[in-house]
Amino acid sequence: MRAHRIGIVGYGKIAQDQHVPVIKGGDAFVLVAVSSTRGAGPPGLDRIFRDYRDMLAMGDLDAVAICTPPNVRHAIARDALAAGKHVMLEKPPAATLSELEDLARRASAANLTLFTTWHSQANAGVDEARRRLQGQRVRRLAITWREDVRRWHPGQTWIWEAGGFGVFDPGINGLSILTKIFPDPIFVQAATLSFPANADAPIAADLVFSTGRGEEDLRANFDWREDGPQIWDIVVETEAGQTLHLAEGGSRLSVDGREVVAQPPAEYEGLYARFGELINAGTSEVDAAPFRLVADAFMIGRRVQVEPFTE
Ligand code: NAP
């Protein structure tokens with residue numbers, strides 16, 4: 001089967017760090033164009049558009065990967081589907097659940113592939129944790145996602161705006177692992193969101209979850225003020241007494257202290273392989289579960305004000 005001809009919308013950090021090298025390193029896709037409001041793009045690529053609509057007008061473009069901030073994704077994805085292109089969405093897939101529902105409906109009506117990517121789910125430890133938790137009951141969950149926003153998001157102002165998601169921008173990665181591995185439906189029962197006095201998005205969030213069964217202790221702590229070791233950890237204790245520890249964002253898994261998976265991350269290789277499979281199969285993969293937990297946290301969360309953020 002011939003490689004799918006893909007264009008990237010938004011030539012920022014993730015497009016440059018992952019999308020471009022992974023597309024170039026694989027054979028399922030060939031990068032034929034980039035649209036960048038700054039007119040930027042990878043060396044050697046001659047089709048760079050400032051307006052994404054001009055890129056969508058290319059007759060020989062099959063698909064797009066939308067790597068912009070989430071607040072503009074819906075309009076771009078809608079236009080891409082209207083132009084007959086398959087669509088890969090960076091996470092979070094849209095600004096709101098309603099926008100995502102609309103995109104799913106449009107993709108289905110047009111017989112095009114829509115793929116909501118959750119890159120952390122593509123780690124080998126995550127699949128193994130899911131397998132081991134099937135049919136189990138969880139009595140304790142601790143998600144700890146603590147990183148230094150100055151180190152990972154320098155100069156990104158959109159993350160502090162309403163609709164920029166703040167600390168949920170990385171936190172949703174932990175939630176995407178949770179929704180993939182957890183053996184029961186899980187709900188946000190309470191949340192405390194810490195907003196810097198000068199921002200419209202939280203710098204920290206503490207979540208308490210419930211399955212409705214009671215007697216469990218299920219929590220997440222997301223914090224962007226960590227200047228010590230960076231932590232992307234999930235610990236799960238089952239009622240049968242087993243402890244699973246997913247470390248480094250899901251790339252390492254230990255069970256009762258013994259490491260059972262330790263693979264270097266190959267998240268975007270997995271995402272592009274899956275996108276190719278979905279296009280070839282003529283189907284979509286739209287998973288709103290992690291996004292819904294974030295929406296619920298914003299809906300029922302208590303808000304506290306903390307000191308202003310300075311870069
Ligand atoms: P970024 O460095 O700020 O890049 C986003 C790019 O989108 C900008 O460079 C800009 O590219 C384009 N853009 C910005 N505002 C736009 C607008 N209003 N309309 C159209 N295009 C606009 O951000 P990023 O870190 O790459 O993150 C982008 C998305 O990827 C986010 O949803 C994030 O959660 C996700 N993500 C990021 C990482 C990471 O490590 N950074 C990892 C996984 C997923 P041009 O100037 O070229 O137009």
Side-chain angles (χ1 to χ4, degrees), residues 7-23 31 33-43 45 47-56 64-80 87-96 99-100 103 115-123 126 145 147-177 201-202 205 222 224 230 232 248-251 265-272 274-275 287-288 290-291 294-295 311:
I8 290 176
V9 187
Y11 191 62
K13 184 171 190 312
I14 198 61
Q16 295 173 49
D17 288 358
Q18 295 290 340
H19 289 263
V20 170
V22 169
I23 292 168
L31 182 65
V34 161
S35 92
S36 162
T37 53
R38 287 167 302 138
L45 190 73
R47 289 202 275 182
I48 295 170
F49 300 87
R50 281 185 184 266
D51 186 329
Y52 72 85
R53 283 164 290 212
D54 292 332
M55 184 174 87
L56 296 179
V64 293
I66 304 179
C67 303
T68 64
N71 63 336
V72 290
R73 250 198 275 290
H74 174 260
I76 298 169
R78 180 199 59 203
D79 291 351
V87 172
M88 172 191 251
L89 299 170
E90 254 301 348
K91 46 67 50 171
T96 64
E99 286 184 354
L100 180 56
L103 294 179
F115 181 28
T116 54
T117 62
W118 298 108
H119 62 88
S120 295
Q121 290 185 346
N123 284 302
V126 176
W145 232 251
E147 59 178 56
D148 182 356
V149 65
R150 293 182 178 86
R151 175 166 161 195
W152 301 103
H153 298 272
Q156 292 183 350
T157 51
W158 59 267
I159 54 176
W160 298 112
E161 293 166 8
F165 291 90
V167 76
F168 285 104
D169 181 78
I172 201 168
N173 298 330
L175 296 176
S176 74
I177 295 177
F222 306 139
W224 248 346
Q230 309 289 286
W232 300 282
E248 294 175 21
S251 56
E267 299 178 344
Y268 281 79
E269 289 81 352
L271 295 182
Y272 273 96
R274 182 74 185 137
F275 190 33
D287 174 11
F291 197 37
V294 172
E311 177 109 23

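When a ligand or atom number is given, it counts from 1 through the structure's own listing order. Computed from a prediction, not measured in an experiment: that's the story for all the values here.
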Are the side chains of K91 and T116 in touch, meaning some heavy atoms are under 4.5 Å apart? no
Does S35 reach ligand 1 with a nitrogen or oxygen that is under 3.5 Å from one of the ligand's nitrogen or oxygen atoms? no
N/O separation below 3.5 Å, S36 to ligand 1: yes
Heavy atom to atom 18 (N) of ligand 1, shortest distance: which of V9, V72, D17 holds it? V72
Are any of the N or O atoms of Y268 closer than 3.5 Å to those of ligand 1? no
Heavy-atom proximity to atom 6 (C) of ligand 1 ranks first, among G12, G41, S120, for G12
Could you say whether the N/O atoms of H119 and ligand 1 ever approach to under 3.5 Å? no
Distance under 4.0 Å to a non-hydrogen atom of K13: what atoms of ligand 1 satisfy this? 1 (P), 2 (O), 4 (O), 25 (O), 26 (O), 41 (N)
Can you list the ligand 1 atoms lying under 4.0 Å from a non-hydrogen atom of G10? 7 (O), 11 (O), 12 (C), 47 (O)
Do any N or O atoms from the side chain of S36 and from the backbone of G10 form a donor-acceptor pair under 3.5 angstrom? no
Please compare I172, N71, I14, I66 and report which has the shortest non-hydrogen distance to atom 40 (O) of ligand 1. I14
Applying ring-ring contact (aromatic ring centres under 6.0 Å, His included), run through W152 and W145 and close with a yes or a no. CA-CA 13 Å; W152 301 103; W145 232 251; over 10 Å; no
Looking only at distance, does W152 have an N or O less than 3.5 Å from an N or O of ligand 1? no
